[in-house]
Amino acid sequence: MGGRGFNPTPLGEVLSPRPAATRKMFQWRGRPGERKPLWAILGEEPPLGWQPPEAKDVQVTELAAKAELAGDASAPEAKPASERADQVGPGIYVTAHRIAGAGPFHTAIQYVPEDGDTEWISAGPKGGRLVSGVGRLDEAGRVTGQRPIDAPKKNDVSGRITPPEGMTDAEYWQRIRALDDVYRDKVDYDLDPEIQDSYNSNSYTRGILDASGGVSTAPFADYVGGRSPLPARNLAPPHLRGTGFPNSLRPQQPAPAFRRLP
Amino acid sequence: MLLLGGCAPAFQVYHYISLEDYPDARVVERAQATPGEHRFFVGEIPTRYEIDRQGYTLIMVVHPTNWDPGLGVTVRPYPERRVQAERNPDPCSQWSARKASAWWVYGFSRCDQHPPWERVDKHLRFQVLDADGNVVAEEDIPYTVERDGFFMYMDAL
């Protein structure tokens, strides 16, 4: 055997020269007014399984717009423009505020009865769990119960909620309250359910709406977690829905000690 | 912090409406204000005033747990006398009331043009009606917005 060693042809002579590796960035193109998702803000690729806003949300908005053009008063109302939650008339609404004034939107559900205390339901993180609560505004203007951060003065209306057919606002609110009562705050909290495996406050709002059969004109697809509703299995089983369980308004803090003056 | 935990600590200066400078208003109750989750330098505030007029008494209540400046107004005797107000007299304030309620609620927050402490025209303007809806009196009560410490809460997604 000769002494010829292995002498391969250099790859550079076989392969055509490659351009320098460049990372193809995914460019976010939202519709006008559409909220930029977290992954786009961070300059990341969309998470696996990410989809554009749900057809249902788009459909409700389009239906509302068409109905408004046609003058159909019975159809779901289109989103009011920056309507304050403390200035709306009787009805059930999705209300929202931006976290710390400039962050993403946090939502709540608010019920303004014909006669009686205004109430709202929302959820937030506490000890790693997604904890819900009910707040109340009485006729003299006193805020009680939980979640004072979602009191009507703090939020704007982002959509009107239409109860299931044949159900009044009052009956529907009782159904929502019953679902909230059965929810035991056992679900883990995650900031962004679209890239994590649990739920946030907007998931709770959307989940309780879906489970109760209501339809909202609020743009949930624009809210972090709005496309990932809390699954109905975490809320009341069907045979308990609409039974109007009393919701104990657990006081958030001891009542102040009033001192009567002479 | 918001990205890591879903929470952002928010601070709010505590404001409340005071009628202490109005000589006709008598403070009949005081209480420790308890807005928010954690409070700093927030003290005791007047929570109930009474203003005696010819034929009726105005009662004004400041809720010490509320986060935003406002008060509830009612009149005694009710329903022989009742209160009525214009709902949005200016961009900084609003009145609201339920149907057939003895109370009207005056709210002062969310003033888009001026922060509460800069607003000059601070008057509670409303009417007192009799049982038939006739105007018995036009009230125009000056008030101040006082600052008293601040409080913190967690704003979370």
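Residue numbers start from 1 in every chain, and the chains themselves are labelled A, B, ... in the order their sequence lines are given, proteins ahead of strands.
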Next on the checklist: Please rank A:A100, A:G116, A:P90, A:A123 by heavy-atom pairs under 4.5 Å with chain B and give me the top one.
Outcome noted: A:G116
Item to check | Toward chain A, the part of B:A102 with a non-hydrogen atom under 4.5 Å | outcome: backbone
Checklist entry - How many angstroms lie between atom CG of A:D117 and atom CZ of B:R98, to the nearest 0.5 angstrom? => result 4.5 Å
Next on the checklist: Please classify the contact between B:R30 and chain A as side chain, backbone, both or neither, with a heavy-atom cut-off of under 4.5 Å.
Outcome noted: both
Checklist entry - Could you go step by step and tell me if B:V105 and A:E139 meet the side-chain contact (heavy atoms from CB on, under 4.5 Å) rule? => result CA-CA 8 Å; B:V105 177; A:E139 67 171 342; over 6 Å; no
Checklist entry - Between A:V143 and B:W67, does a side-chain contact (heavy atoms from CB on, under 4.5 Å) hold up when you go through it step by step? => result CA-CA 9 Å; A:V143 175; B:W67 294 15; over 6 Å; no
Checklist entry - Which region of A:L137, side chain (C-beta onward) or backbone (N, CA, C, O), has a non-hydrogen atom less than 4.5 Å from a non-hydrogen atom of chain B, or is it both or neither? => result backbone
Checklist entry - So, B:D155 and A:R98, do they make that salt bridge, N to O below 4.0 Å? => result no
Checklist entry - Which pair of non-hydrogen atoms, one from A:S201 and one from B:A156, has the smallest distance, and what is that distance? => result OG-O, 4.4 Å
Item to check | Proximity breakdown for B:R87 and chain A, heavy-atom pairs closer than 4.5 Å | outcome: neither
Next on the checklist: Restricting to ring-ring contact (aromatic ring centres under 6.0 Å, His included), what partner residues turn up for B:W95, sequence neighbours left out?
Outcome noted: B:Y106, B:F126
Next on the checklist: For the CH2 atom of B:W103 and the CG atom of A:D138, what is their distance to the nearest 0.5 Å?
Outcome noted: 8.5 Å
Checklist entry - Which atom names give the shortest non-hydrogen contact between B:L157 and A:N202, and what distance separates them? => result CD1-ND2, 3.6 Å
Checklist outcome for this item: Only residue of A:K153, A:R142, A:K154 satisfying salt bridge (charged side-chain N to carboxylate O under 4.0 Å, His left out) with B:D68 is A:K154
Item to check | Whether B:H63 side chain and A:T144 backbone form a donor-acceptor pair below 3.5 Å | outcome: no
Checklist entry - For B:V62, is it the side chain, the backbone, both, or neither that has a heavy atom closer than 4.5 Å to a heavy atom of chain A? => result neither
Checklist outcome for this item: CE (B:M154) and CD1 (A:I99) are apart, to the nearest 0.5 Å, by 10.0 Å
Checklist entry - Side chain, backbone, both or neither: which part of B:S96 has a non-hydrogen atom closer than 4.5 Å to chain A? => result neither
